[in-house]
Amino acid sequence: MRLKHVISCGIAVLVVASCALAGSMATGRRYYADTVFSWWPTAKDLSLFQKFVDESKEKGMNSISIDVPWSIMSADGRCDFAEADKRIDYIVSRGMSVFIRINTTTLGGQSPKWLTDDMLQRIPDGSVYRRSTDGATLPSLAHPAVLRRITSFCRSTAEHYGSRYRRTASGDYPVVALSPAFSLYMESGYFPDADVDYSTAAQADFAAWVKTYYKSLADLNAKWGRNYKSWREIKLADAHNTAKQLYFEFTLQRVLGSIADAVHKASNIPVGLQVGCIWDNPQRRTMSVGPLMRKMDWLFTADAPDFDHAFSTDYARCSALGKKVSSEIDAASHAAATNGRYFNQGVRAFEHGASSAVLANWDLSSIRDNDKWPFLHFLGELARKPSANPKPDKAIYVSTWDLINKTASIDQYLPVYEMLSDGGKQCVDVLSDYAISANPAILSNYSEIYLPANWTIPPEVRMALARVKNKLKASKPLIAGTLDEYGRPADPFIKP
């Protein structure tokens with residue numbers, strides 16, 4: 001039997017299986033998107049771009065994800081959307097939808113002329129952070145001027161495209177969502193590659209935040225295990241890892257809230273948060289993505305096909321309850337990137353509650369061959385089905401602080417997830433600390449709640465879990481809750 005026939009048979013089986021997984025179905029469109037970056041030759045050459053869009057549509061995709069760089073904004077705040085319009089107009093003219101990514105990096109040399117070094121993120125020695133491969137830089141989200149510029153650019157983009165297009169006959173709006181992308185990998189992780197911003201603006205901002213967040217210097221010393229005599233002694237470089245995470249959340253909540261308010265006021269375009277895989281790298285600091293979603297409408301996550309993408313989608317869906325979730329299929333050139341894995345991720349994304357699946361970093365020159373990439377058409381078929389509305393009977397509680405403080409890794413949760421989900425075929429709610437503390441009543445939805453590791457259990461989560469102790473399945477009861485968020489010893493939650 002030829003290889004392509006084997007792949008096709010395997011895919012057909014997965015399609016049948018995926019349909020059985022859907023459960024109750026809710027109304028709502030599914031989007032299957034291809035991605036293009038504005039600095040690619042494919043995007044710069046209009047004829048190549050139009051071919052890119054046409055081929056994407058031929059392969060079953062119904063939308064395109066495209067970035068608009070902030071380099072088109074002049075010092076006085078005016079934006080030249082002419083080149084972006086040519087491309088986005090063409091997408092809309094082909095009956096496809098658009099995901100707009102607001103690119104506020106300097107990738108591809110797309111740096112605004114008004115962007116000065118004092119507005120950029122810095123490393124511990126005080127010099128500007130520049131990526132070793134291409135010298136690309138990041139804006140300092142603590143800099144007041146950067147916050148104003150990013151908000152202004154998002155508002156202007158929303159106003160422009162909100163007035164340029166109208167709803168289609170089916171009631172859909174051509175621009176599905178607008179998402180700010182701050183980092184080098186088009187993700188909104190503030191410290192993804194450079195870890196922490198040590199700019200003057202960030203140092204001053206952190207100093208102000210510390211005084212506001214902690215009740216007193218004594219409170220800070222007790223939690224950090226330090227002996228500061230004055231607030232002036234506290235430096236961002238010496239901060240407790242937990243404090244860096246809390247400051248990170250505060251910083252992103254501030255800029256995302258500013259963007260969401262501006263966009264929602266300017267147009268009817270939803271706002272999204274774009275992150276990498278939300279659990280694979282503690283340095284990204286996005287495991288606790290829930291608090292960042294308060295004013296967002298979409299959560300875009302990127303996974304490689306060889307990742308545990310079913311787990312990721314369940315994690316994302318539960319971290320953004322009531323919001324729309326998208327799974328981006330990343331790493332096209334990865335050695336493990338097989339048709340089966342790509343197809344599996346698309347199926348799992350849709351049937352585990354995602355509203356879109358996105359080919360995250362593809363150039364159609366690599367997927368033009370239908371025999372080589374047969375999964376494309378099948379995902380196009382899946383995208384035409386209504387959105388799934390999973391309602392699992394079982395849940396796993398992931399201690400977010402364990403991941404942030406590296407007390408545990410995600411590997412300690414995956415065996416239990418694999419067992420409960422039958423290898424990812426069934427949906428399982430994966431609850432973070434935030435998901436439980438923000439909505440304790442959610443625990444009443446389950447017959448069983450699993451605690452595979454869970455050294456750290458914050459007070460509000462302990463209270464919620466205490467009310468449903470008869471449902472808990474703790475793998476390590478003697479260690480459950482034996483640390484607080486700062487890594488200090490605490491009383492076990494489940495006592496023998």
Side-chain angles (χ1 to χ4, degrees), residues 213-215 219 222-225 240-243 245-246 249 278-279 282 287-294 311 314-323 390-421 426-496:
Y213 184 82
Y214 293 95
K215 299 176 182 178
D219 177 45
K223 290 178 177 176
W224 290 19
H240 193 288
N241 188 51
T242 296
Q245 169 67 23
L246 292 169
E249 291 181 6
I278 58 178
W279 54 261
M287 287 81 69
S288 186
V289 72
L292 306 180
M293 288 297 299
R294 287 172 180 162
F311 180 94
D314 283 340
Y315 191 138
R317 173 173 51 79
C318 294
S319 295
L321 288 174
K323 317 288 185 175
K391 294 183 179 179
D393 179 53
K394 297 177 183 178
I396 294 175
Y397 161 45
V398 174
S399 295
T400 314
W401 284 110
D402 281 351
L403 301 182
I404 293 168
N405 289 326
K406 303 178 184 178
T407 306
S409 72
I410 208 70
D411 292 340
Q412 290 164 292
Y413 294 93
L414 293 179
V416 175
Y417 178 82
E418 287 291 304
M419 178 268 295
L420 294 177
S421 68
Q426 305 293 337
C427 297
V428 176
D429 278 359
V430 182
L431 306 175
S432 66
D433 291 317
Y434 177 80
I436 296 175
S437 60
N439 182 23
I442 195 173
L443 299 179
S444 65
N445 295 338
Y446 313 110
S447 63
E448 297 177 341
I449 303 166
Y450 286 76
L451 281 66
N454 311 95
W455 275 262
T456 309
I457 304 180
E460 60 274 17
V461 176
R462 292 174 76 111
M463 290 177 60
L465 293 176
R467 301 188 190 103
V468 293
K469 272 197 171 182
N470 61 313
K471 299 182 179 183
L472 303 184
K473 305 291 183 181
S475 300
K476 301 176 181 179
L478 293 179
I479 61 91
T482 53
L483 296 174
D484 71 5
E485 297 94 318
Y486 291 85
R488 300 176 300 176
D491 291 333
F493 173 67
I494 301 175
K495 298 179 181 179

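Computed over heavy atoms, backbone and side chain alike; hydrogens, waters and symmetry mates excluded. Computed from a predicted structure; not experimentally measured.
Looking at Val398 and Ser432, their side chains never come closer than 4.5 Å, going by heavy atoms from C-beta outward. Counting only heavy atoms from C-beta outward, the side chains of Asn445 and Asp429 never approach each other to under 4.5 Å.
In this structure, Lys471 NZ and Leu465 CG are separated by 11.0 Å, a value rounded to the nearest 0.5 Å. Separating the CD1 atom in Ile457 from the CG atom in Leu451 is a distance of 5.5 Å, to the nearest 0.5 Å. A distance of 4.5 Å separates CG of Leu443 from CD1 of Ile449, quoted to the nearest 0.5 Å. Interatomic distance, CE of Met287 versus CG of Leu403, reported as 5.5 Å (0.5 Å rounding). With values rounded to the nearest 0.5 angstrom, Phe311 atom CZ is found 10.0 Å from Glu418 atom CD. With values rounded to the nearest 0.5 angstrom, Asp393 atom CG is found 11.5 Å from Gln426 atom CD.
Nearest heavy-atom pair, Pro452 versus Tyr413, reported as atom, atom and distance to 0.1 Å: CG-CD2, 3.6 Å. Across Ile436 and Ala464, no two heavy atoms sit closer than the pair CG2-CB, 3.8 Å. Across all their heavy atoms, Pro458 and Trp401 have their closest contact at CG-CD1, 3.9 Å. Closest approach of Pro392 to Arg317, counting heavy atoms only: CG-NH2, 4.2 Å. Between Thr456 and Glu485, the closest heavy-atom pair is CG2-N, 3.8 Å. When all heavy atoms of Gly487 and Leu483 are compared, the closest pair comes out as O-CD2, 3.5 Å.
No donor-acceptor distance shorter than 3.5 angstrom exists from the side chain of Arg488 to the backbone of Gly225, with no hydrogens or angles considered. When atom types are taken as modelled, the side chain of Asp314 and the backbone of Val428 share a donor-acceptor pair closer than 3.5 angstrom. Between the Glu249 side chain and the Leu246 main chain, no donor and acceptor come within less than 3.5 Å of each other. Judged by distance alone, with hydrogens and angles left aside, the side-chain atoms of Tyr450 form no donor-acceptor pair with the main-chain N or O of Ser475 at under 3.5 Å. Without hydrogens or angle criteria, Asp402 side chain to Thr407 main chain gives no donor-acceptor distance under 3.5 Å.
Counting non-hydrogen atoms of neighbouring residues, nucleotides and ligands closer than 6.0 angstrom, the CE atom of Met463 reaches no more than 12 such neighbours.
Taking the six-membered ring where tryptophan is involved, the planes of His240 and Trp224 are tilted, since the angle between them lies from 30° to 60°.
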Does the pair Asn241 and Ile404 meet the rule for a side chain to side chain contact (heavy atoms under 4.5 Å, CB included), with working shown?
-> CA-CA 8 Å; Asn241 188 51; Ile404 293 168; 3.9 Å; yes

Test log, rule side chain to side chain contact (heavy atoms under 4.5 Å, CB included), inputs Val468 and Ser444 | CA-CA 8 Å; Val468 293; Ser444 65; 6.0 Å; no

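In summary, the side chains of Asp433 and Tyr397 do present a donor paired with an acceptor at a separation below 3.5 Å, with no hydrogens or angles considered.
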